[in-house]
Novice: 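Before anything else, here's the structure in question.
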Amino acid sequence: MPIQTYNTLSRRKELLKPLEKGHIKLYVCGITSYDFCHIGHARSALAFDMIVRYLRYRGYTVTYIRNFTDIDDKIITRATEQGVSALELAGRFIDEFYVDMDRLGVDRPTLEPRATEHIQEMIDLISELIGKGLAYQAGTDVYYSVNGFPEYGKLSGRNLDDMQAGARIAINENKSHPMDFVLWKGSKPGEPTWDSPWGPGRPGWHIECSAMSRKYLGDTFDIHGGGQDLIFPHHENEVAQSEGASGKPFVNTWIHHGFVTIRDEKMSKSLGNFLTIREILTQYHPEVLRFFIFSTHYRNPLDFSETAMQDAMTGLDRLYGCMAAIDDLGTTGLIADVTEIVSPKDQDKLRTIEERFQKAMDDDFNTAQAQGILFDAVRIVNKICQQLPARPCHADVQLLKETGALIKQLAGIMGLLQEDARTYLARKKTAMLLELDISEQEILKLIQERKDARTAKDWARGDNIRDQLSAKGVELKDGADGTTWVINRDHR
RNA sequence: GGCGGCGUAGCCAAGUGGUAAGGCACUGGUCUGCAAAACCAUGAUUCAGCGGUUCAAAUCCGCUCGCCGCCUCCA
C-alpha cells in the first residue's frame with residue numbers, strides 16, 4: 001500500500017515517491033527564536049514528529065532538517081528591549097525550545113541548522129541570483145526580482161497582478177517591483193552585521209531556508225513543510241530563490257498543517273491570544289496535548305479549549321486504563337486448553353488493527369481515523385478482559401498481551417502510551433492529590449475505617465465515609481482485591 | 001477585492017460515489033449492599049440550504065447562506 005500525501009503545490013493528494021529509493025528528504029521551517037513557544041509551535045513540531053515516525057515505521061530512511069531562524073527583525077527588537085545581544089536572546093530561546101520539545105517527547109531532527117551559521121552559503125546564493133539577473137542591489141539592500149521568475153505565485157495560487165491590487169504593503173522606493181523581496185539588508189548602526197559584497201548587513205528571512213536546504217538536501221528534495229501561514233510569502237519566495245538559482249524543481253511535495261485556534265480565531269503572537277507550551281504542561285500531561293493535537297487531521301484547524309483538553313485527557317486515560325488491565329493479567333496458572341472466549345469476529349478485528357491503522361495513516365497521515373481504530377481495539381480488549389474467567393486460557397491471554405503490545409507500538413507513532421501504564425496512572429493520582437485538601441494518609445485511614453464499618457455491616461457509616469471523601473473529590477472503587485480510589489477531576 | 005479552507009448527532013471528529021468510524025457527554029441495563037470503573041444497549045432516515053448529474057451522493061457539479069485563514073511578521 002502506497003502512502004498518499006496532500007501536496008499544496010498541486011492541491012491534491014499524490015503518491016509519495018521518494019527521489020531516492022527508500023529515502024525521504026524532509027525540510028521543515030522551524031521557529032524564529034525570540035520568545036517561548038506556544039501551542040501552535042507545538043502542533044508544528046508534533047505533526048512533523050508524527051510524520052517522520054510514521055515514515056520510519058513504514059521502512060523509509062528519513063533525513064529530517066529543521067532550521068532555527070536566529071537572526072531577524074523581531075529578535076533584534078526584543079534583544080534591544082531586554083538589553084542583550086540578538087544572538088544571546090536567540091540562543092536563550094533555542095534552549096527554552098529544547099526544554100519544551102523534550103517534555104513533549106519530540107524526537108530530534110537529523111540536523112538543526114541555524115541561519116547565522118550559514119551566512120556564507122546565503123551570500124553565495126544571493127551572488128548566484130544576481131549573476132543570473134534575478135536579483136539586484138539597491139542602496140545597501142539586495143532584492144529578488146519577481147518579474148524574472150515567471151512562475152512566481154505557483155505555490156500559493158496567486159499572480160502578481162492580483163497581489164498588487166490587494167497589496168497592503170507600503171511602497172518601497174528601492175524596489176523596482178512592489179512584490180520584490182529583500183535578500184540582504186544593509187544593517188543599521190548597533191545591529192548585528194556580517195560583511196558581504198554589498199557592504200555590512202544581514203540576510204533577509206527567506207534566503208536562509210533556500211541556502212540551508214540546498215546545502216543539506218540538494219537542489220531538489222522530497223518534502224518541505226511548515227504552517228499554512230508560511231505558504232505566502234515565505235515558501236513562495238523560497239521557490240523563487242531556489243528554482244531561480246538551480247533551474248531545477250525545488251520541492252516535490254509541500255506539506256502545510258493547519259492552525260491552532262482559540263474560539264475559532266488563529267492563535268498568534270500578534271493577536272496575543274496564545275498559550276505557551278509550558279503553561280499547558282503545568283496543567284496537562286504532555287501526551288494529553290499530543291492526543292488533542294492528533295484528534296483531528298493535521299490540515300484542519302484545531303480549536304483549543306479546556307473542554308477539548310479535558311476530553312483528550314479522558315480519552316488518554318481510557319487508553320492507559322486498557323494498557324494497565326492487560327499488564328495486570330497474570331501469565332501463570334493459565335489453562336492450556338483451547339476454550340477461547342474471544343469470538344471469531346473480535347479475533348478478526350484484533351488481527352486487522354495494524355492493517356487498518358496503516359490504511360488510515362497511509363491516507364495523508366489521518367491520525368483522527370487512526371485513533372478511532374485504536375479505540376475500537378481498546379473496546380474489544382476491555383470486553384475480553386471483563387469476560388475472562390478466574391483461570392483464563394493461555395490463548396486468550398496471549399492474544400491480549402500481543403494486542404496490548406501492538407496498540408502501544410502504533411500509539412507510539414503519535415507519541416502516545418509511551419509511559420508504563422501503572423506509572424502513568426499512579427503519577428496522575430499523585431499529581432491530582434496535590435490539588436485536593438486531603439492527604440493520601442487521611443484517605444487510606446478513612447478507607448480502613450469504612451472497611452471496618454462495612455465488616456460490621458454498618459452501611460450508613462460506610463456510605464457516610466464514602467460521601468465525605470466524594471465531597472473532597474475522591475471516588476472509591478471496591479474491587480476483588482480491596483478498595484482503591486481515584487480522583488474525580490470534575491471536582492476542581 | 002484576489003486566493004484557499006471549512007460547515008457531519010449535545011460537543012469533538014473520521015468518512016470524497018454504494019447506503020453514516022471513533023471519542024466525550026447523556027439515558028437504560030449487567031456488575032455492586034449502594035456506588036465507581038468496565039461492558040452491553042440506545043442516538044443523525046441523515047451529512048448548512050436549494051437545485052443538478054447518476055441506478056446510486058455527505059461524497060461530483062452549480063448557486064445561496066454562515067464561519068475561518070492567507071494576501072504584513074506569524075507554526
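When reading the values below, keep in mind they use all heavy atoms of this one structure, side chains included, and skip hydrogens, waters and symmetry mates. Proteins come first, then strands; the chains are lettered A, B, ... in the order of their sequence lines, and each starts at number 1.
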Novice: Nearest nucleotide by nearest heavy atom, which residue falls closer to the 5' end of RNA chain B, Ala308(A) or Gln386(A)?
Specialist: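 The residue closer to the strand's 5' end, by nearest nucleotide, is Ala308(A).
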Novice: Taking 4.0 Å as the cut-off, does a side-chain nitrogen or oxygen of Arg318(A) come that near to OP1 or OP2 on rG23(B)?
Specialist: yes
Novice: Does the distance from a Lys or Arg side-chain N to an Asp or Glu carboxylate O, for Glu81(A) and Arg78(A), drop under 4.0 Å?
Specialist: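 Arg78(A) and Glu81(A): salt-bridged.
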Novice: Within this structure, what is the CG-to-P distance between Asp303(A) and rG69(B), rounded to whole angstrom?
Specialist: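 For the pair Asp303(A) CG and rG69(B) P, the rounded distance is 11 Å.
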Novice: Test your reading of the model: is there a side-chain donor-acceptor pair from Asn67(A) to the backbone of Gly30(A), 3.5 Å cut-off?
Specialist: yes
Novice: With sugar-phosphate meaning primed atoms plus P, OP1 and OP2, does Asp73(A) contact a base, only sugar-phosphate, or nothing at under 4.0 Å between heavy atoms?
Specialist: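 No contact at all - Asp73(A) keeps every heavy atom at 4.0 Å or more from the nucleic acid.
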Novice: Report which part of the nucleic acid Ala368(A) touches: base, sugar-phosphate, or nothing (heavy-atom distance under 4.0 Å, all strands).
Specialist: base
Novice: Give a yes or no on whether a salt bridge exists between Asp376(A) and Arg356(A), defined as a side-chain N under 4.0 angstrom from a carboxylate O.
Specialist: yes
Novice: Is there a side chain to side chain contact (heavy atoms under 4.5 Å, CB included) between Gln241(A) and Leu183(A) once you walk through the steps?
Specialist: CA-CA 9 Å; Gln241(A) 292 163 347; Leu183(A) 298 171; 3.2 Å; yes
Novice: Using a heavy-atom cut-off of under 4.0 Å over every strand shown, decide if Arg356(A) touches base, sugar-phosphate, or nothing.
Specialist: nothing
Novice: Do Phe259(A) and the base of rG69(B) stack face to face, with centres under 5.5 Å apart and an angle between planes under 30°?
Specialist: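 Stacking between Phe259(A) and rG69(B): absent.
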Novice: Determine which bases of RNA chain B form Watson-Crick or G-U wobble pairs with both distances under 3.5 Å, and write the result as a 5' to 3' dot-bracket string with | for other-strand partners.
Specialist: ((((((((.[[[..)..(...]]]..((((.......))))......[[[[[..)....]]]]])))))))....
Novice: Within the structure shown, what part of the strands sits under 4.0 Å from Asp264(A) by heavy-atom distance: base, sugar-phosphate, or nothing?
Specialist: sugar-phosphate
Novice: Roughly how many Å is it from NZ in Lys154(A) to P in rG2(B), rounded to a whole number?
Specialist: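 In whole Å, rG2(B) P and Lys154(A) NZ are 25 Å from each other.
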Novice: Is a donor on one side and an acceptor on the other found under 3.5 Å between the side chain of Gln448(A) and the backbone of Lys445(A)?
Specialist: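 No, the answer is negative, given that no donor and acceptor are paired below the 3.5 Å cut-off.
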Novice: His257(A) near the nucleic acid: base, sugar-phosphate alone, or nothing, with a heavy-atom cut-off under 4.0 Å?
Specialist: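 Touches a base.
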Novice: Taking only Lys NZ, Arg NE, NH1 and NH2, and the carboxylate oxygens of Asp or Glu, determine whether Lys185(A) and Glu191(A) approach each other closer than 4.0 Å.
Specialist: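 Looking at Glu191(A) together with Lys185(A), the answer is no, because their closest N to O distance does not fall below 4.0 Å.
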Novice: Take the protein atom NZ of Lys266(A) and the nucleotide atom P of rC73(B), then report the distance between them rounded to whole Å.
Specialist: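 Spelled out: NZ on Lys266(A) to P on rC73(B) is 11 Å.
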Novice: Taking only Lys NZ, Arg NE, NH1 and NH2, and the carboxylate oxygens of Asp or Glu, determine whether Lys266(A) and Asp229(A) approach each other closer than 4.0 Å.
Specialist: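 Looking at Asp229(A) together with Lys266(A), the answer is yes, because their closest N to O distance falls below 4.0 Å.
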Novice: Can you tell me the distance, in whole Å, between the NE2 atom of His297(A) and the C1' atom of rU8(B)?
Specialist: 17 Å
Novice: With rounding to the closest Å, how many angstrom separate the C1' atoms on rA21(B) and rG15(B)?
Specialist: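 Result for the C1' pair: 7 Å, nearest Å.
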Novice: Taking the same atom, C1', in rC73(B) and in rG69(B), what whole-Å distance lies between them?
Specialist: 16 Å
Novice: Using a cut-off of 4.0 Å on non-hydrogen atoms, how would the nucleic acid contact of Val260(A) be classed: base, sugar-phosphate, or nothing?
Specialist: base
Novice: Gln369(A) near the nucleic acid: base, sugar-phosphate alone, or nothing, with a heavy-atom cut-off under 4.0 Å?
Specialist: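 Base: the residue Gln369(A), judged by heavy atoms under 4.0 Å, touches a nucleobase.
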Novice: Identify which nucleotide among rC70(B), rC73(B), rA25(B) has an atom closest to any side-chain atom of Lys74(A), counting heavy atoms from C-beta outward.
Specialist: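 Between rC70(B), rC73(B), rA25(B), the one nearest the side chain of Lys74(A) would be rC73(B).
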Novice: Please give the distance between the P atoms of rU54(B) and rA44(B) as a whole number of Å.
Specialist: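 So the two P atoms sit 31 Å from each other.
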Novice: So which one's nearest nucleotide on RNA chain B is more toward 5', Arg11(A) or Asp376(A)?
Specialist: Arg11(A)
Novice: Let me know the distance between CG of Leu400(A) and C1' of rA38(B), rounded to the nearest Å.
Specialist: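 Distance check: Leu400(A) CG to rA38(B) C1' gives 14 Å.
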Novice: Is it true that Tyr27(A) and His224(A) have ring centroids separated by less than 6.0 Å?
Specialist: yes
Novice: With heavy atoms under 4.0 Å as the rule, sort Ser268(A) into base, sugar-phosphate or nothing.
Specialist: base
Novice: Rounded to whole Å, please give me the gap between CE in Met309(A) and P in rA13(B).
Specialist: 15 Å
Novice: Decide whether a cation-pi geometry holds between Arg299(A) and Tyr6(A); the criteria are a distance under 6.0 Å from NZ or CZ to the six-membered ring centre and an angle within 45° of the ring axis.
Specialist: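 Because its charged atom sits under 6.0 Å from the ring centre and within 45° of the axis, Arg299(A) does stack over Tyr6(A).
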Novice: Mind checking if Arg158(A) touches a base, just sugar-phosphate, or nothing, with heavy atoms under 4.0 Å?
Specialist: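 Touches a base.
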Novice: Hey, does the side-chain of Asn300(A) have a donor or acceptor N/O within less than 3.5 Å of a partner on the base of rG5(B)?
Specialist: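 For Asn300(A), whose side chain was compared with the base of rG5(B), there is no donor-acceptor pair (under 3.5 Å).
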Novice: Look at Asn366(A) and rG15(B) and indicate whether a side-chain polar atom (N or O) is within less than 4.0 Å of OP1 or OP2.
Specialist: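 Result: yes.
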Novice: Within the pair Thr296(A) and rA14(B), is there a side-chain N or O less than 4.0 Å away from OP1 or OP2?
Specialist: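 Yes.
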Novice: Using the C1' atom in both, what is the distance from rC26(B) to rC65(B), to the nearest Å?
Specialist: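 After rounding to an integer number of Å, I get 32 Å for this pair.
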Novice: How is His256(A) classified with respect to the nucleic acid when contacts are heavy atoms under 4.0 Å: base, sugar-phosphate, or nothing?
Specialist: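 Since no nucleic acid heavy atom lies under 4.0 Å of His256(A), the category is nothing.
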Novice: Looking at Asp49(A) and Arg290(A), does any basic side-chain N land under 4.0 Å from a carboxylate oxygen?
Specialist: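 Yes, this pair counts.
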Novice: May I ask you to say what Ser156(A) touches in the nucleic acid, namely base, sugar-phosphate or nothing, with a heavy-atom cut-off under 4.0 Å?
Specialist: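 Sugar-phosphate only.
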Novice: On the ring face of Phe232(A), is Arg158(A) found with NZ or CZ under 6.0 Å from the centre and within 45° of the axis?
Specialist: yes
Novice: Can you check whether Phe93(A) and Tyr34(A) have ring centres sitting under 6.0 Å from each other?
Specialist: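 Ring centres of Tyr34(A) and Phe93(A) not closer than 6.0 Å.
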Novice: Using heavy atoms and a sub-4.0 Å distance, could you list which residues of residues 378-385 of chain A are near RNA chain B? By number, please.
Specialist: Arg379(A), Asn382(A), Lys383(A)
Novice: Quick one, His256(A) with His235(A), criterion ring pair (Phe, Tyr, Trp, His ring centres under 6.0 Å). Give me CA distance, side-chain angles, the key distance, then yes/no.
Specialist: CA-CA 10 Å; His256(A) 292 99; His235(A) 289 160; 5.0 Å; yes
Novice: Taking only side-chain N and O atoms of Arg12(A), does any of them lie within less than 4.0 angstrom of OP1 or OP2 on rG4(B)?
Specialist: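 For rG4(B), OP1/OP2 do not have a side-chain N/O of Arg12(A) under 4.0 Å.
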Novice: Tell me what Arg299(A) touches on the nucleic acid: a base, only sugar-phosphate, or nothing, going by heavy atoms under 4.0 Å.
Specialist: nothing
Novice: Just call it for Gly227(A): base, sugar-phosphate, or nothing, with non-hydrogen atoms closer than 4.0 Å on any strand.
Specialist: sugar-phosphate
Novice: On a whole-Å scale, what distance lies between the C1' atoms belonging to rG18(B) and rU32(B)?
Specialist: 47 Å
Novice: What is the distance, rounded to the nearest whole Å, between atom CZ of Phe232(A) and atom P of rC3(B)?
Specialist: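 Atom CZ in Phe232(A) sits about 14 Å away from atom P in rC3(B).
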Novice: Rounded to whole Å, how long is the line connecting atom CZ of Arg263(A) with atom P of rG69(B)?
Specialist: 14 Å
Novice: Look at all strands and tell whether Leu230(A) reaches a base, only sugar-phosphate, or nothing, counting heavy atoms closer than 4.0 Å.
Specialist: sugar-phosphate
